[in-house]
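For reference, the structure is listed below as structure tokens.
Residue numbers start from 1 in every chain, and the chains themselves are labelled A, B, ... in the order their sequence lines are given, proteins ahead of strands.
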Number of protein chains: 2
Amino acid sequence: MKIEEALALLKEAGYKYTDKREMILTFFANEDRYRTAKDLLAYLEPHFEGISFDTIYRNLHLFNQLGILESTELNGEKNYQMSCAKHHHHHFICKDCGLTKEIHACPMDRLPTELNNFVIDDHKFEIYGLCPHCQQ
Amino acid sequence: MKIEEALALLKEAGYKYTDKREMILTFFANEDRYRTAKDLLAYLEPHFEGISFDTIYRNLHLFNQLGILESTELNGEKNYQMSCAKHHHHHFICKDCGLTKEIHACPMDRLPTELNNFVIDDHKFEIYGLCPHCQQ
DNA sequence: ATGTAAATAAGAATAATTACGGTTTATAAA
DNA sequence: TTTATAAACCGTAATTATTCTTATTTACAT
């Protein structure tokens, strides 16, 4: 997702434009991988001295809720990256650098009949390993 | 996995037998679902007044490492259940009661060639929803 | 210009987990 | 059966990630 698209989404949903929000989006737009709240804070700190945790977390939540960011949990920490959705897909995630690669196959396509009596709300399919770059 | 089997594994790996460890295993043996450290503590507390966090977490780690317990992360909390491994499989997990159901289909069977240059260490496939009982 | 709801800062609170120093205990060998 | 020793344990403090609270500031529609 592009920054402009995200800003439009924000405006449409009645949220305000702020320079911090723009910079948060810039951060994620320039990264093709999952990043933590801490990573984001480190990026914002030099530009906005004294920026608060609250701002970080509130916006991560909001953006996630609006579908601007997608999230996953990697060793006990929530990680976010710019949403590449529109079409449903899953991810390979590099354990070293956090780089992601879309996987278009989805195991839910042919679901086992064993789950006939279960209500299915959600699923998670992720592959972990090392990207070509981090293998060296 | 049965308690005896787990105790044998412990002994074989050179760890000591203690009454607390036996009760931890009893707890998980009687549950067919993922449980948190807190759940375990609540169960042990009446039997061992003043049992420490350290004991809980140290043993959860150890058991997980030995393959006695498997773990997953559900809304920011680590959850454990008795390992049902031997054969590779995945889980349906009830969001209400934590009940699990094995799924024998594995999406890694036919991996997309897109990942040819990636080293794959691990993967996660979980389906979340409501079990028949919790739908009422 | 101005009113209002949203956004923010600052820091305290919470929740899960880990770490540390001192004591007890399971186990094996004398 | 005593004894030595490493493992297990307790009590508690520290850490880490995250959320909450209150007062203040700001974007933006009117």
Side-chain angles (χ1 to χ4, degrees), chain A residues 3 6-27 34-66 68-69 71-81 98, chain B residues 3 6-27 34-66 68-69 71-81 98:
Chain A
I3 296 182
L7 288 172
L9 265 173
L10 265 183
K11 179 152 204 166
E12 188 183 344
Y15 293 99
K16 295 179 178 171
Y17 168 90
T18 69
D19 46 0
K20 294 186 187 67
R21 280 182 175 164
E22 179 169 13
M23 186 153 285
I24 291 172
L25 292 171
T26 303
F27 172 72
Y34 278 106
R35 313 264 55 192
T36 65
K38 212 190 310 175
D39 295 332
L40 176 59
L41 180 61
Y43 177 79
L44 293 179
E45 201 111 58
H47 302 88
F48 300 100
E49 195 179 354
I51 188 169
S52 94
F53 286 110
D54 209 13
T55 302
I56 304 284
Y57 284 108
R58 189 166 18 76
N59 284 307
L60 286 176
H61 263 124
L62 176 64
F63 292 172
N64 184 231
Q65 190 184 299
L66 291 177
I68 295 171
L69 296 178
S71 74
T72 191
E73 202 143 333
L74 300 175
N75 32 279
E77 234 176 314
K78 275 175 202 130
N79 284 246
Y80 298 86
Q81 79 166 3
Chain B
I3 295 182
L7 287 172
L9 265 174
L10 265 182
K11 177 150 207 168
E12 187 183 343
Y15 293 99
K16 294 180 177 170
Y17 169 89
T18 70
D19 46 0
K20 294 186 187 69
R21 281 183 172 161
E22 178 169 15
M23 187 153 287
I24 291 172
L25 293 171
T26 304
F27 172 72
Y34 278 106
R35 313 263 55 192
T36 65
K38 212 190 309 172
D39 294 331
L40 176 59
L41 179 62
Y43 178 79
L44 292 179
E45 200 109 60
H47 302 89
F48 299 100
E49 197 178 355
I51 188 169
S52 101
F53 287 109
D54 208 8
T55 303
I56 304 283
Y57 284 107
R58 190 166 18 75
N59 284 306
L60 286 176
H61 263 124
L62 176 64
F63 292 172
N64 184 231
Q65 191 185 299
L66 292 177
I68 295 171
L69 295 178
S71 73
T72 191
E73 202 143 335
L74 299 175
N75 33 279
E77 231 176 316
K78 274 173 206 135
N79 284 245
Y80 298 87
Q81 80 166 1

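Between the CG atom of L44(B) and the P atom of dC10(D) there is a distance of 10 Å, given to the nearest Å. Between L41(B) atom CG and dT17(C) atom C1' the separation is 13 Å, expressed in whole Å. Going from atom CG of L74(B) over to atom C1' of dA16(C) covers 14 Å, rounded to whole Å. Nucleotide dA15(C) holds its C1' atom 14 Å from the CD atom of E73(A), rounded to whole Å. In this structure, CD1 of I56(A) is placed 16 Å from C1' of dT16(D), rounded to the nearest angstrom. Atom pair E45(B):CD and dC9(D):P shows a separation of 15 Å (rounding to whole Å applied). When rounded to the nearest whole Å, the span between CG of D39(A) and C1' of dT16(D) equals 15 Å. Taking atom CD of E77(B) as the reference point, atom P of dA17(D) lies 17 Å away to the nearest angstrom.
Proximity of L62(A) to L10(A): side-chain heavy atoms (C-beta onward) are separated by under 4.5 Å at one or more points. Side-chain contact between L74(A) and T72(A) is present, with at least one heavy-atom pair separated by less than 4.5 Å. By the 4.5 Å heavy-atom criterion applied to side chains, L44(B) and L40(B) are counted as neighbours. Put simply, the side chain of M23(B) reaches to within 4.5 Å of the side chain of H47(B), judged on heavy atoms.
Remark: Y57(B) is not in phosphate contact with dT18(C), judged by side-chain N or O atoms under 4.0 Å from OP1 or OP2. For Y17(A) and dA27(D), the shortest distance from a side-chain N or O to OP1 or OP2 is not below 4.0 Å. Here K38(B) does not reach the OP1 or OP2 of dA15(C): none of its side-chain N or O atoms lies under 4.0 Å away. Residue H61(B) has no polar side-chain atom (N or O) positioned under 4.0 Å from OP1 or OP2 of dT17(C).
Summary of the strand contacts: A37(B) and K11(B) both lie near DNA chain C, and taking for each the nucleotide with the nearest heavy atom, the more 5' one is attributed to A37(B).
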All N/O contacts under 3.5 Å from nucleotides 4-10 of chain C to the protein, with atom names and distances to one decimal?
{"from": "dA5(C)", "atom 1": "N3", "to": "K16(A)", "atom 2": "NZ", "distance (Å)": "3.1"}
{"from": "dA6(C)", "atom 1": "O4'", "to": "K16(A)", "atom 2": "NZ", "distance (Å)": "3.3"}
{"from": "dA7(C)", "atom 1": "OP1", "to": "K16(A)", "atom 2": "N", "distance (Å)": "3.4"}
{"from": "dA7(C)", "atom 1": "OP1", "to": "R21(A)", "atom 2": "NH1", "distance (Å)": "2.4"}
{"from": "dA7(C)", "atom 1": "OP1", "to": "R21(A)", "atom 2": "NH2", "distance (Å)": "2.9"}
{"from": "dT8(C)", "atom 1": "OP1", "to": "T18(A)", "atom 2": "OG1", "distance (Å)": "3.1"}
{"from": "dT8(C)", "atom 1": "OP2", "to": "R58(A)", "atom 2": "NH1", "distance (Å)": "2.7"}
{"from": "dT8(C)", "atom 1": "OP2", "to": "N59(A)", "atom 2": "ND2", "distance (Å)": "3.2"}
{"from": "dA9(C)", "atom 1": "OP2", "to": "S52(A)", "atom 2": "N", "distance (Å)": "3.2"}
{"from": "dA9(C)", "atom 1": "OP2", "to": "T55(A)", "atom 2": "OG1", "distance (Å)": "2.4"}
{"from": "dA9(C)", "atom 1": "N6", "to": "D54(A)", "atom 2": "OD2", "distance (Å)": "3.4"}
{"from": "dA10(C)", "atom 1": "OP2", "to": "G50(A)", "atom 2": "O", "distance (Å)": "2.9"}

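End-to-end axis angle for the helix from dA1(C)-dT30(D) to dA30(C)-dT1(D), using five pairs per end and rounding to 10°, comes out at 20°.
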Next item on the list: Applying side-chain hydrogen bond (donor to acceptor under 3.5 Å, both in side chains), run through N59(B) and R21(B) and close with a yes or a no.
Entry: CA-CA 7 Å; N59(B) 284 306; R21(B) 281 183 172 161; 2.7 Å; yes
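Considering Y80(B), Y43(B), F48(B) as possible partners of F27(B), the one that fulfils the ring pair (Phe, Tyr, Trp, His ring centres under 6.0 Å) test is Y43(B).
Cation-pi geometry between K11(A) and Y17(A) is not satisfied (NZ or CZ under 6.0 Å from the ring centre, within 45° of the ring normal).
For L7(A) against L25(A), the heavy-atom pair with the smallest separation is CD2-CD1, 3.8 Å. Contact between L66(A) and L9(A) at its shortest, heavy atoms only, is O-CD1, 4.2 Å.
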